[in-house]
Structures are given as C-alpha cells and as structure tokens.
Amino acid sequence: MGPAELVQAAAMARRFYLEGKSKIQIAEEFGVSRFKVARVLETALERDLVRIEIRVPAELDAERSDALRARYGLRHAVVVESPAEAEESPDPENLGEVAADLLGELVTEGDVLGLAWGRSTIHMAAALDRLPPCTVVQLTGVYDAGTAERGSVEAVRRAAQVSGGDAHPIYAPMLLPDAATAAALRNQTGIARAFEYFDKVTVACVSIGSWEPGISTVHDMLSDEERAHYASLGVAAEMSAHLFDTQGRRVGRDLGERCITVEADRLRRIPEVVAIAGGQRKAAAIDAVLRSGLVTSLVTDTAAADFLLTAGAAPRPALQRADPDE
C-alpha cells in the first residue's frame with residue numbers, strides 16, 4: 001500500500017473500529033462503494049495496520065472456558081486461574097467471587113434461587129454484592145446443625161439480604177441416623193415449607209466433592225463401615241448428598257432416604273444449575289457429576305479444567321439433561 005492508500009485505510013479503520021460508523025456511512029464520506037470499504041478494512045487487518053485484541057480480566061481463562069463449555073455442552077463455563085500456592089487445595093475462594101458475579105448475571109427478578117450446602121457456595125454467598133429481587137431457598141440440610149450460622153443457613157440469609165427477597169433456610173442436619181428420622185424432619189413446618197419451593201427453583205448453586213476425607217461432606221459424616229460400603233459401589237463423586245460413579249450414574253441411592261436434600265429428579269428439572277468446584281483433587285469428581293446431566297453451568301479453575309479437557313471419551317451434553325441410568 002502506498003502512502004495515500006495507507007492514510008485512507010487508517011482513516012476508514014478509525015471510523016469503523018473506533019467511531020462505530022457503518023461501511024455505508026464510510027463509503028458515502030469517502031466517495032467509494034461499501035464493497036471498496038470492506039476490502040480496505042480487510043487489507044488493513046492483513047497488513048497489520050489494525051490489530052484486534054480480545055481482553056478479559058487476567059484471572060479468567062477465556063480459551064479454556066470456551067473449550068470446556070463446548071466439550072460438556074454446558075450453557076456457561078467460567079475457568080479461573082488457579083492460585084499457584086493453592087493448586088492442591090479444593091475450591092479456592094476466588095471461585096466463589098467469580099460465581100457471585102455469574103449469579104448476578106443469571107438471576108432475574110422474580111426467580112427462585114436455590115443454594116446447596118458447600119464451602120464454595122458459602123464463599124459465593126459471602127461475595128455477593130448484587131442480585132435482583134428473588135426468593136432464596138436452601139436445598140440441603142447442613143453439615144452440622146451447630147454451625148448453621150456460619151454455613152448454608154447464613155448463605156441463604158446473605159443472598160436474600162442482597163436481593164431484598166424472602167429467605168427459606170433449613171434448620172436441620174444434612175444426614176440423619178435413619179430414614180424414619182429424616183422423614184419426620186421433612187414433615188416439620190419450616191422444612192416442609194422450604195421443600196415446597198424446590199419445584200419453583202429457577203437457578204441453583206451446588207458444590208461437588210470427591211470421595212475422600214476433607215473433600216466430601218457426606219464422606220466425612222459417615223462411619224468407616226458406611227464409607228467402605230459406598231466405595232465398593234464405585235462412588236467417585238458427591239453432590240448435595242447424591243453419589244455418582246465415574247460415568248455419572250447414581251449409586252448408593254439408599255443414602256438419600258437418610259438425607260435432607262433436594263431430590264435428583266427435582267434438581268434435573270431446575271432450568272439452571274451452576275456447580276462451583278475446582279482444584280486437582282476434585283477434577284475427576286467434577287467430570288463424573290458433569291456426566292450426570294444434572295448440571296448446566298460450571299465455575300472452576302485451570303487446575304481442574306486441564307484434567308477435564310483431556311478426560312476420557314466425550315460425555316453427553318449437559319444441556320440435554322440426560323440421565324446416564326436411562
């Protein structure tokens with residue numbers, strides 16, 4: 001390109017990319033056809049006269065996010081850079097901060113937001129600073145009723161406070177000694193009222209645990225004998241007291257009879273289910289739960305994403321909400 005052509009190309013590029021003018025407007029200004037403008041703009045890109053840079057905040061990995069979304073057929077996938085000092089730790093706190101921002105995008109006025117027990121959902125609720133008016137309901141009991149004020153009950157209260165909506169917490173443990181005790185608790189007025197909202201939930205946030213100490217709440221609540229029993233069934237992951245094998249099939253369903261939690265079938269009917277989980281130690285468990293078809297969106301980190309992007313054969317798309325058992 002000669003000097004005159006370079007000057008003209010720069011001027012057209014400035015009008016198009018910086019001033020937002022259309023190709024027709026530029027053509028009229030320079031007395032050429034819009035096809036000529038299109039060719040000049042294309043040449044400007046080819047000759048490096050114009051550089052287009054796509055930038056997202058440094059902590060977000062756009063390339064991994066898009067690859068993960070496509071691989072699992074997710075509606076949304078957000079991958080956060082793993083802190084170097086915390087690569088072996090499950091659910092870095094920055095996941096909760098990003099999930100809080102995502103929730104601010106997904107929740108609309110009048111929605112019913114469901115929150116399940118989990119460290120990541122608690123971090124997310126603490127980071128919330130904006131939510132449209134919505135009802136907030138707790139989807140599971142708590143790890144320890146004695147710590148409810150610092151756990152999922154407080155997360156529900158916090159989300160409701162930010163949104164200005166009603167809160168429906170569950171003041172009960174997640175795991176009970178037997179099915180009869182769990183059934184009796186479900187019939188208590190406050191808990192029954194929360195359960196009535198389960199079919200109305202439009203957006204849910206859940207956590208994922210791998211089947212090992214300190215990483216799965218349910219694992220830590222069981223006896224050694226019970227852990228061995230469920231391990232023999234091939235359990236690889238846990239979400240909201242539901243157990244899954246490596247292919248996303250539910251195992252140990254009898255455990256659900258002893259738990260205060262949203263049923264898997266109800267969870268599958270919720271339009272948007274966001275899982276928040278990361279870290280290398282949870283990567284295989286995340287893969288298992290994504291294969292279950294219960295989750296539509298994921299907030300994770302690069303440590304887990306690198307495993308997920310190379311894990312086994314391509315699973316069924318999550319948006320089909322397909323149950324691997326059927």
Side-chain angles (χ1 to χ4, degrees), residues 54 56-57 59-82 90-92 94-108 111 113-116 118 120-121 124 139 201-210 236-240 242 244 246-250 262 264-280 282-326:
I54 300 172
V56 295
E59 70 271 17
L60 299 183
D61 191 310
E63 185 175 349
R64 283 185 176 92
S65 297
D66 188 55
L68 202 57
R69 179 200 56 76
R71 174 173 170 76
Y72 287 93
L74 296 164
R75 184 172 290 118
H76 304 283
V78 182
V79 177
V80 181
E81 189 69 33
S82 300
D91 302 334
N94 62 338
L95 292 185
E97 297 170 2
V98 174
D101 288 340
L102 177 62
L103 211 58
E105 293 182 50
L106 298 181
V107 175
T108 59
D111 275 344
L113 171 63
L115 300 181
S120 57
T121 52
M124 180 275 299
L139 296 179
V201 174
T202 50
V203 181
C205 286
V206 299
S207 297
I208 296 172
S210 55
E238 172 258 319
M239 179 183 68
S240 302
H242 301 295
F244 305 87
T246 57
Q247 297 305 309
R249 295 182 293 259
R250 289 181 60 211
V262 60
D265 290 342
R266 277 177 160 175
L267 199 59
R268 197 181 301 277
R269 292 195 295 269
I270 296 174
E272 183 74 80
V273 179
V274 181
I276 313 167
Q280 294 176 353
K282 280 194 177 184
I286 297 169
D287 176 65
V289 172
L290 292 182
R291 292 171 184 267
S292 74
L294 291 172
V295 170
T296 60
S297 297
L298 175 68
V299 177
T300 190
D301 61 4
T302 52
D306 286 342
F307 174 91
L308 295 170
L309 291 171
T310 58
R316 295 183 182 185
L319 288 183
Q320 292 181 3
R321 311 307 292 275
D323 188 341
D325 289 328
E326 295 180 354

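Reckoned from all heavy atoms, side chains included, excluding hydrogens, waters and symmetry mates.
- Interatomic distance, CG of Leu309 versus OH of Tyr72, reported as 7.5 Å (0.5 Å rounding).
- Note that CG of Leu113 and CD of Glu272 are 11.0 Å apart. Values are rounded to the nearest 0.5 Å.
- Look at Arg269 and Asp265 and you find no salt bridge, because none of the NZ, NE, NH1 or NH2 atoms lies under 4.0 Å from a carboxylate O.
- To the nearest 0.5 angstrom, Thr310 atom OG1 is 9.5 Å from Asp287 atom CG.
- Nearest approach of Arg75 to Ser297, heavy atoms of both residues: CB-OG, 3.8 Å.
- Taking each heavy atom of Ala305 and Leu68 in turn, the nearest pair found is CB-CD2, 4.4 Å.
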(request) Report the C-alpha separation of Leu74 and Leu290 in whole Å, then their side-chain angles, then the decisive distance to 0.1 Å, and conclude whether the side-chain contact (heavy atoms from CB on, under 4.5 Å) test is met. (result) CA-CA 9 Å; Leu74 296 164; Leu290 292 182; 4.0 Å; yes

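- Closest approach of Pro324 and Gly248 over heavy atoms only: CG-O, 3.6 Å.
- Proximity of a side-chain donor or acceptor of Lys282 to a complementary backbone N or O of Ala304 within less than 3.5 Å is not detected.
- Side-chain contact between Leu298 and Leu308 is present, with at least one heavy-atom pair separated by less than 4.5 Å.
- For Ser65 (side chain) and Val79 (main-chain N/O), a donor-acceptor pair under 3.5 Å exists by modelled atom type.
- The backbone N or O of Val206 sits nowhere less than 3.5 Å from a side-chain atom of Thr121 that would complete a donor-acceptor pair.
- Between Ile208 and Ala277, the shortest heavy-atom distance links the atoms CB-CB, 3.9 Å.
- No donor-acceptor distance shorter than 3.5 angstrom exists from the side chain of Ser120 to the backbone of Gly96, with no hydrogens or angles considered.
- For the pair Leu115 and Cys205, the minimum side-chain heavy-atom distance is below 4.5 Å.
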(request) With side-chain contact (heavy atoms from CB on, under 4.5 Å) as the test, would you mind laying out the steps for Met239 and Val295 before giving the verdict? (result) CA-CA 10 Å; Met239 179 183 68; Val295 170; 4.0 Å; yes

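- The backbone N or O of Glu81 lies less than 3.5 Å from no partner atom in the side chain of Asp61, so there is not a single donor-acceptor pair.
- Counting only distance, with no hydrogens or angles, the side chain of His76 and the backbone of Val299 share no donor-acceptor pair below 3.5 Å.
- When every heavy atom of Ile276 is checked against every heavy atom of Ala99, the shortest pair comes out as CD1-CB, 3.6 Å.
- Closest non-hydrogen pair, Ala237 versus Val289, comes out as CB-CG2, 3.9 Å.
- You'll find the side chain of Arg64 reaches within 4.5 Å of the side chain of Asp306, heavy atoms only.
- With values rounded to the nearest 0.5 angstrom, Thr300 atom OG1 is found 11.5 Å from Phe307 atom CZ.
- Tested against Val78 for a side-chain contact (heavy atoms from CB on, under 4.5 Å), the candidates Leu60, Leu95, Asp301 yield a single pass: Leu60.
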(request) Go through the steps for Asp101 and Glu105 under the test side-chain contact (heavy atoms from CB on, under 4.5 Å), then give the verdict. (result) CA-CA 7 Å; Asp101 288 340; Glu105 293 182 50; 5.5 Å; no

